[in-house]
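This structure is a prediction, so every number in the text was calculated from the model and none was measured. Reminder, nothing fancy here: chain letters follow the sequence lines and each chain counts from 1.
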Amino acid sequence: MGVDLSPLVVKEKVSIRDFSGMTFAIDGYNILYQFLSSIRQNDGTPLMDSKGRVTSHLSGCFYRSISLMEAGIRPVFVFDGKPSRLKAATIRERVQAKEKAAEELIVAREKRDMERVRSLSARVNYITRDMVGETKALLSAMGIPYVQAPSEGEAQASYMCRTGQVYGVVSQDYDCLLFGSKRVFRNFTSGGRRKIPGKNMYVPVSPEMIDLDRTLEANGITYDQLVDMAIMIGTDFNTGIEKVGPKTALKLIKQHGSIESVLSSRGEVIENLDEIKAIFKTPSVEEKPEIKFRAPDRDKIIQILCDEHQFASERIDPFIETLISTYGGRSQTSLDTF
DNA sequence: CCATGCCA
DNA sequence: TGGCATGGG
C-alpha cells in the first residue's frame with residue numbers, strides 16, 4: 001500500500017489523552033478497510049444483517065468514534081472521491097490481488113484450514129458505494145462531520161492538516177506525509193491490540209505520531225526532496241526506478257539534489273513526472289470544508305443500526321448516552337491552537 | 001475492531 | 001481484578 005517510507009520516518013509513541021480537545025482528520029477508506037478486515041468471526045465471516053449485508057464497518061465506526069469522542073478527540077472523517085487516472089494501474093493490481101486471494105480462499109475453505117481462511121478473508125474486502133453511504137449516514141446521525149474529497153482522501157485530509165484546520169491525520173498510511181500532512185497518527189485508539197497475521201495471537205499496539213518536519217530534518221532533506229524520493233521508489237501513481245528503495249533513494253537525492261538530476265545522470269525518464277508531483281503538492285481539494293459537530297440524533301442512530309441492520313439496542317443504548325454526554329459536555333468553540 | 005462473560 | 005475466549009450482526 002503506497003510507498004514504503006518506514007525506514008525514513010521519525011516516530012514517537014503517544015497517548016490519545018495528550019490530544020484532548022483537538023480535531024483530527026480520519027482517513028475514511030483506510031479505517032473502513034481496517035474494520036472490514038478485522039471485525040470478523042473466527043471463520044472469517046464479517047458481521048452481517050438479516051439481509052446478508054456486511055455491517056462490520058458500521059460497528060467499527062460507531063464504537064471507535066465514541067471512544068475517540070470520549071477521549072476528547074474531535075474526529076472528522078474524510079472520504080475518497082474520484083481517483084487520478086494515474087492510479088488506474090495500482091487499482092487494477094489491487095483488484096487482481098483480491099481475486100487471487102478469493103481463489104485461494106476457496107481452496108483453504110475446502111481444506112478446512114481455518115487460520116488461512118481467516119487471513120485470506122481479511123484481504124478479500126470490497127468497500128461498496130452503499131457501505132460508504134451508510135457510514136456517512138451513521139456519522140451524520142452521530143453528529144460527527146465528514147468531508148467528501150474531490151479526489152484523493154489522503155490529499156484532502158493532509159491539506160486540512162497543512163492549513164491548520166485539523167491537528168493531524170489519522171491513517172496507517174505514510175503517504176499522507178507526501179501530501180504534506182504535518183503529523184500522521186497510526187494506531188490511534190485507546191485500547192490497542194492487534195492480531196498477528198497468521199496466528200491467533202495479539203500484540204499490544206500504542207498510538208504513534210509521525211512528524212513531517214522532524215522526519216525531514218532527521219534525513220537532512222526538504223519536503224520537495226521527500227516527494228522526489230517517493231517518486232523514485234514508486235508511488236500509487238508510478239512504478240519508480242528499478243531497484244531503488246528508501247535507502248538508495250536517499251543516497252541519490254543527497255548526491256544529485258533533485259529527481260530531475262538523478263534521472264538525467266542515469267539517462268532515465270519517468271512518465272508524467274510533473275503531473276505526479278502535482279498530485280502530491282497541489283492536489284484537487286475542498287479548501288474550506290465545513291467541520292461542524294452537532295447534537296447526536298438518538299432516534300436516527302437507532303433507526304440505522306437497530307431497525308435497518310439488527311444491532312441490539314440494549315447493547316448500543318449506553319454508548320449513545322455516552323456520545324450525547326460528550327457532546328453536551330464540551331465547549332463548542334475549538335479552533336485548534338498550535 | 002470492541003464488548004462481554006467466564007474463570008483463576 | 002484481569003487475562004483470555006467468544007460473540008456481535
Side-chain angles (χ1 to χ4, degrees), chain A residues 1 15-17 24 26-73 75 77 79 114-115 117-128 130-139 141-142 144 146 170-173 185-208 296 300-326:
Chain A
M1 195 92 189
S15 162
I16 63 167
R17 296 275 159 196
F24 286 77
I26 306 209
D27 183 345
Y29 265 76
N30 190 272
I31 207 163
L32 253 40
Y33 265 114
Q34 282 179 243
F35 292 148
L36 235 46
S37 49
S38 62
I39 305 182
R40 283 164 186 273
Q41 314 271 73
N42 287 320
D43 66 358
T45 325
L47 301 186
M48 287 184 293
D49 67 13
S50 58
K51 290 183 177 164
R53 296 173 297 192
V54 172
T55 56
S56 298
H57 58 300
L58 297 177
S59 179
C61 184
F62 179 72
Y63 291 115
R64 174 69 65 84
S65 299
I66 290 171
S67 82
L68 289 176
M69 292 284 281
E70 222 183 337
I73 305 296
F77 286 70
F79 293 100
M114 283 317 172
E115 281 291 0
V117 166
R118 205 185 192 288
S119 89
L120 285 168
S121 300
R123 282 193 266 155
V124 189
N125 292 318
Y126 294 93
I127 295 179
T128 65
D130 283 351
M131 287 179 185
V132 175
E134 288 162 350
T135 305
K136 288 176 177 174
L138 177 62
L139 289 169
M142 294 175 77
I144 295 170
Y146 66 82
V170 176
S171 176
Q172 293 302 103
D173 223 321
F185 291 78
R186 307 176 83 219
N187 311 322
F188 204 58
T189 57
S190 34
R193 280 189 340 151
R194 174 148 307 136
K195 199 179 179 301
I196 299 171
K199 294 194 158 201
N200 217 349
M201 288 171 65
Y202 293 84
V203 280
V205 285
S206 56
E208 60 188 31
K300 208 164 218 165
I301 298 172
I302 291 190
Q303 188 216 313
I304 295 169
L305 293 182
C306 305
D307 300 350
E308 287 176 30
H309 298 294
Q310 291 78 52
F311 282 66
S313 59
E314 59 274 25
R315 221 177 144 106
I316 65 164
D317 274 343
F319 291 93
I320 299 178
E321 291 313 314
T322 305
L323 181 65
I324 290 168
S325 66
T326 61

K.L.:
Please state how far atom CG in A:L305 lies from atom P in C:dG8, giving the value in whole angstrom units.
P.N.:
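Taking atom P of C:dG8 as the reference, CG of A:L305 is at 16 Å.
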
K.L.:
Please, which pairs that meet salt bridge (charged side-chain N to carboxylate O under 4.0 Å, His left out) have at least one residue in residues 53-68 of chain A, sequence neighbours excluded?
P.N.:
A:D49-A:R53

K.L.:
Rounded to the Å, how far apart are A:R315 CZ and B:dT4 P?
P.N.:
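Computing the A:R315:CZ to B:dT4:P distance gives 6 Å.
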
K.L.:
Return the residues of residues 56-67 of chain A meeting this criterion: a heavy atom under 4.0 Å from some atom of DNA chain C. Order them by number, or give none.
P.N.:
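Residues of residues 56-67 of chain A that come under 4.0 Å of DNA chain C are, in numerical order, A:S59.
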
K.L.:
Roughly, in whole Å, what's the span from CE in A:M131 to P in C:dG9?
P.N.:
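The distance from CE of A:M131 to P of C:dG9 comes to 17 Å, rounded to the nearest Å.
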
K.L.:
Given atom CG of A:N42 and atom C1' of C:dG8, what is their separation to the nearest angstrom?
P.N.:
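Rounded to whole Å, this separation is 12 Å.
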
K.L.:
Would you mind reporting whether A:Q34 and A:I39 have side-chain heavy atoms less than 4.5 Å apart?
P.N.:
no

K.L.:
Rounded to whole angstroms, how far apart are CZ on A:F319 and P on C:dG8?
P.N.:
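Those two atoms, CZ and P, are 15 Å apart.
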
K.L.:
Using a heavy-atom cut-off of under 4.0 Å over every strand shown, decide if A:Y33 touches base, sugar-phosphate, or nothing.
P.N.:
nothing

K.L.:
So with a 6.0 Å cut-off around NZ of A:K136, is the heavy-atom count from everything else above 12?
P.N.:
yes

K.L.:
Run the numbers on A:Q310 and A:T55 for side-chain contact (heavy atoms from CB on, under 4.5 Å), then give the verdict.
P.N.:
CA-CA 9 Å; A:Q310 291 78 52; A:T55 56; over 6 Å; no

K.L.:
Tell me: CD1 of A:I320 to C1' of B:dA3, nearest whole Å?
P.N.:
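Atom CD1 in A:I320 sits about 15 Å away from atom C1' in B:dA3.
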
K.L.:
Rounded to whole angstroms, how far apart are CD on A:Q34 and C1' on B:dC2?
P.N.:
14 Å

K.L.:
Reckon A:R53 touches a base, only the sugar-phosphate, or nothing at all at heavy-atom distances under 4.0 Å?
P.N.:
nothing

K.L.:
What verdict does the side-chain contact (heavy atoms from CB on, under 4.5 Å) test give for A:F188 and A:I26, after you've listed the backbone C-alpha separation in whole Å, the side-chain angles of each residue and the deciding distance to 0.1 Å?
P.N.:
CA-CA 10 Å; A:F188 204 58; A:I26 306 209; 5.7 Å; no

K.L.:
Give the rounded distance in Å between these two atoms: CZ of A:R186 and P of B:dC1.
P.N.:
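So the CZ-P distance, A:R186 to B:dC1, works out to 13 Å.
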
K.L.:
Students often mix this up, so state it plainly: with edges at 30° and 60°, are the rings of A:F77 and A:F79 parallel, tilted or perpendicular?
P.N.:
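Parallel.
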
